[in-house]
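Start at 1 with the first residue, then count along the sequence. The structure presented is a predicted model; accordingly, all values stated were derived computationally and were not measured.
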Amino acid sequence: METWRILATILLAVAGVAGVLIIMAKVRDSTDSSPTVAIAGLVSFTTVAVLCVLTLTVLPGAVAWGVAGLVALVVTVLTLAS
């Protein structure tokens, strides 16, 4: 396994976990419904997990780094906007 794949996956996972938490907090603020928060968390976590597996296995370098960078950028903007 190439080192760049592992580094891109780590960046994606760290930013993704923070993004999942931010998404769950925003859903909780807007709906006040625990099942809705759980569903939003499950969907966003599954998306991040699938992206991590794809980054580790099949995505080309530019796409993998693009996805990791985009997720990190979105999480940064969401964090600053909160």
Side-chain angles (χ1 to χ4, degrees):
M1 181 128 345
E2 296 96 351
T3 305
W4 66 266
R5 285 191 182 275
I6 295 170
L7 292 176
T9 304
I10 290 171
L11 173 65
L12 180 60
V14 169
V17 168
V20 168
L21 295 175
I22 291 170
I23 290 168
M24 290 176 71
K26 290 199 177 283
V27 170
R28 185 192 65 223
D29 289 343
S30 65
T31 65
D32 257 348
S33 170
S34 293
T36 307
V37 173
I39 291 170
L42 183 63
V43 168
S44 56
F45 180 78
T46 303
T47 304
V48 169
V50 167
L51 283 174
C52 284
V53 168
L54 289 175
T55 300
L56 274 176
T57 56
V58 297
L59 289 178
V63 176
W65 282 107
V67 168
L70 182 66
V71 169
L73 180 68
V74 167
V75 168
T76 302
V77 168
L78 285 174
T79 303
L80 293 175
S82 295

Check your understanding: Where is the tightest heavy-atom contact between Gly41 and Ser44, given as atom of each residue plus distance?
Key -> O-OG, 3.2 Å
Point to revise | Residue list, side-chain contact (heavy atoms from CB on, under 4.5 Å) with Leu42, at least two apart or on another chain | key: Thr46
Just list the side-chain donor-acceptor pairs under 3.5 Å for residues 3-22, sequence neighbours left out, or say none.
from, atom 1, to, atom 2, distance (Å)
Arg5, NE, Glu2, OE1, 3.1
Arg5, NH1, Thr55, O, 2.8
Arg5, NH1, Leu59, O, 3.0
Arg5, NH2, Leu59, O, 3.1
Thr9, OG1, Arg5, O, 2.7

Point to revise | Hydrophobic cluster membership, Phe45 vs Leu56, 4.5 Å side-chain cutoff | key: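 No: no chain of side-chain contacts under 4.5 Å links Phe45 to Leu56.
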Exercise for review: Considering only Ile, Leu, Val, Met, Phe, Trp and Tyr, and joining two whenever side-chain heavy atoms are under 4.5 Å apart, list the other residues clustered with Ile39.
Suggested key: Val43
Identify each donor-acceptor pair in which a side-chain atom of residues 60-77 lies under 3.5 Å from a protein atom, sequence neighbours left out, and give them as a table.
from, atom 1, to, atom 2, distance (Å)
Thr76, OG1, Ala72, O, 2.7

Point to revise | Residues that Thr36 engages under side chain to side chain donor-acceptor pair (under 3.5 Å), provided they are two or more places apart | key: Ser33
Exercise for review: Look at the side chain of Ser30 and the backbone N and O of Val27, then say whether any donor-acceptor pair between them is shorter than 3.5 Å.
Suggested key: yes
